[in-house]
Q: 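Structure provided below as structure tokens; questions to follow.
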Amino acid sequence: MTFASSPNLSRRAFIAGGAALAVSGCTTVGTTPPEIAQRPQFGVDPSFGSYATMYAAREDGGFALPAIPIEKMDRQFLRQVVADPTGEPAGTIVVDTSAHFLYLVRGGGEAIRYGVGLGRAGFEWSGRAVIQWKKAWPKWTPPDEMIGRQPELAKWSAANGGMPPGLDNPLGARALYIFQNGEDTLYRLHGSPEWWSIGKSVSSGCVRLLNQDIIDLFDRVPNKSPILVTSGLASV
């Protein structure tokens, strides 16, 4: 797929061709929050509950999500309210690939910040687009190019119906599909059980969130929500 140039694209433009193929794969195969008397510039929103509650084991869609071992994670990558650094309108999703953060702008100078993990594909597209649609417990279909490199994935090809939803599915509990100018960018926000990859750059995948966080984001953003992907907020 080739994308026309757009004034909304950041200087780090979409790397055509090979990037689109890489993105289409989108694969990877007790801390106590601070007391909050008033809304802080940085911290946990009281409506979230504690970190232990946010990241507890849960049943979702017939699947048993395991608890996240938050004591092993860098606290900055856990879901929290921060002062909005984006300057974008309320309801906008902003992915800062340089810092491994995703922001959902709330308005009033605030944003919800989530930690993300990025694969090679996560660095190969930037610009403005929309969440065209979203799917709970999506199927995953590896592209032909990936199957060519990993023949064992042929059983999950489009011809074979893709990989069914489940805890081992690379797209996790939710996927948000990003379109630009009415066309699929092949770029996804998706869940992952690999909590250790959050805040890091790994070998493959798009933009991954903890499954508990992608469920939270999924419930907060409607279809057609605007999204900005940038390599650094200073350049927005």
Side-chain angles (χ1 to χ4, degrees), residues 3 9-29 55 66 68-80 82 85-86 92-104 111-129 131 138 140 142-143 145-146 149-150 153 167-178 180 184-218 227-236:
F3 294 93
L9 286 176
S10 71
R11 289 187 296 272
R12 190 172 59 84
F14 181 83
I15 301 175
L21 298 177
V23 177
S24 64
C26 276
T27 181
T28 72
V29 203
Y55 296 111
I68 304 298
I70 55 177
E71 70 280 359
K72 297 181 180 180
M73 292 189 62
D74 186 332
R75 186 181 178 123
Q76 69 174 316
F77 296 115
L78 299 179
R79 187 191 326 158
Q80 53 199 279
V82 299
T86 73
T92 304
I93 297 169
V94 179
V95 178
D96 181 356
T97 59
S98 64
H100 293 82
F101 291 137
L102 181 152
Y103 298 91
L104 175 60
I112 302 173
R113 192 180 74 189
Y114 307 81
V116 301
L118 295 165
R120 179 181 61 255
F123 290 100
E124 291 175 333
W125 186 85
S126 62
R128 293 185 183 271
I131 302 299
W140 174 66
E145 293 77 12
M146 180 176 289
R149 296 190 301 269
Q150 299 175 262
L153 298 178
L167 296 178
D168 295 328
N169 186 298
L171 293 181
R174 303 286 190 274
L176 283 68
Y177 297 80
I178 301 173
Q180 185 184 61
D184 190 353
T185 65
L186 306 179
Y187 195 84
R188 315 285 186 243
L189 308 178
H190 63 88
S192 174
E194 297 179 347
W195 56 266
W196 58 89
S197 70
I198 302 302
K200 298 180 175 64
S201 300
V202 292
S203 61
S204 59
C206 293
V207 175
R208 70 184 72 180
L209 290 79
L210 296 169
N211 274 321
Q212 282 86 339
D213 280 346
I214 195 68
I215 291 171
D216 183 81
L217 180 66
F218 181 98
I227 180 168
L228 168 65
V229 179
T230 177
S231 62
L233 293 176
S235 63
V236 173

Q: Within a strict 4.5 Å, meaning less than it, do heavy atoms of the L102 and L189 side chains meet?
A: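 The answer is yes, as the side chains (C-beta and beyond) meet within the 4.5 Å cut-off.
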Q: Do T97 and S231 pass the side chain to side chain contact (heavy atoms under 4.5 Å, CB included) test, and can you show the C-alpha distance, the side-chain angles, and the key distance before you say yes or no?
A: CA-CA 5 Å; T97 59; S231 62; 4.0 Å; yes
Q: For G172 versus N211, what's the shortest heavy-atom pair and its separation?
A: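 Taking G172 first and N211 second, the nearest heavy atoms are CA-OD1, 3.5 Å.
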Q: Applying side chain to side chain contact (heavy atoms under 4.5 Å, CB included), run through V207 and L118 and close with a yes or a no.
A: CA-CA 5 Å; V207 175; L118 295 165; 3.5 Å; yes
Q: Just how far is it from atom CE of M73 to atom CD of E71, taken to the nearest 0.5 Å?
A: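 One gets 10.5 Å once the value is rounded to the nearest 0.5 Å.
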Q: Would Q76 and F101 count as a side chain to side chain contact (heavy atoms under 4.5 Å, CB included) if you check the C-alpha gap in whole Å, the side-chain angles of each, and the deciding distance to 0.1 Å?
A: CA-CA 9 Å; Q76 69 174 316; F101 291 137; 3.3 Å; yes
Q: Do you know the tightest heavy-atom contact between L217 and L176?
A: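 Shortest heavy-atom separation between L217 and L176 comes out as CD2-CD2, 4.3 Å.
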Q: Could I get the full list of side-chain hydrogen bond (donor to acceptor under 3.5 Å, both in side chains) partners for D213, not counting sequence neighbours?
A: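 D213 satisfies side-chain hydrogen bond (donor to acceptor under 3.5 Å, both in side chains) with Y55, R79 only.
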Q: For the residue pair P69 and W195, what are the closest heavy atoms and their distance?
A: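 Scanning both residues completely, I find the closest heavy atoms to be CG-CE2, 3.4 Å.
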Q: Over 60° means perpendicular and under 30° means parallel, so tell me whether H100 and F77 are parallel, tilted or perpendicular.
A: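 Geometry flag for F77 against H100: perpendicular rings.
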Q: How many angstroms lie between atom CD1 of I112 and atom CG of L104, to the nearest 0.5 angstrom?
A: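 It comes to 5.0 Å.
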Q: On a heavy-atom basis, which atom in A129 and which in I178 lie closest, and how many Å separate them?
A: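 Smallest interatomic distance, heavy atoms only, reads CB-CG2, 3.5 Å.
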Q: How far does CG of L233 sit from OG of S98, to the nearest 0.5 angstrom?
A: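 OG of S98 is found 6.5 Å from CG of L233.
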Q: Verify, without hydrogens or angle tests, whether Q180 (side chain) and R128 (backbone) share a donor-acceptor contact under 3.5 angstrom.
A: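 Yes: the side chain of Q180 pairs with the backbone of R128.
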Q: With rounding to the nearest 0.5 Å, note down the distance linking NE2 in H190 to CG in L209.
A: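 Separation between the atoms: 8.5 Å.
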Q: Mind checking side-chain hydrogen bond (donor to acceptor under 3.5 Å, both in side chains) for Y114 and listing every partner two or more places apart, or none if nothing turns up?
A: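 Y114 satisfies side-chain hydrogen bond (donor to acceptor under 3.5 Å, both in side chains) with D216 once adjacent residues are dropped.
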Q: Look up atom NZ in K200 and atom CG in D74, then write down how far apart they are to the nearest 0.5 Å.
A: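 It comes to 8.0 Å.
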Q: Compare every heavy atom of P138 with every heavy atom of L171, then report the nearest pair and how far apart it is.
A: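 Closest approach of L171 to P138: CB-CG, 3.7 Å.
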Q: Rounded at 0.5 Å granularity, tell me how far CG in L78 sits from CD1 in I198.
A: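 Atom-to-atom, L78:CG and I198:CD1 are 10.0 Å apart.
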Q: State, to 0.1 Å, how close E194 and S197 come at their nearest heavy-atom pair, and which atoms those are.
A: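 Between these two residues, the closest heavy atoms are O-OG, 2.7 Å.
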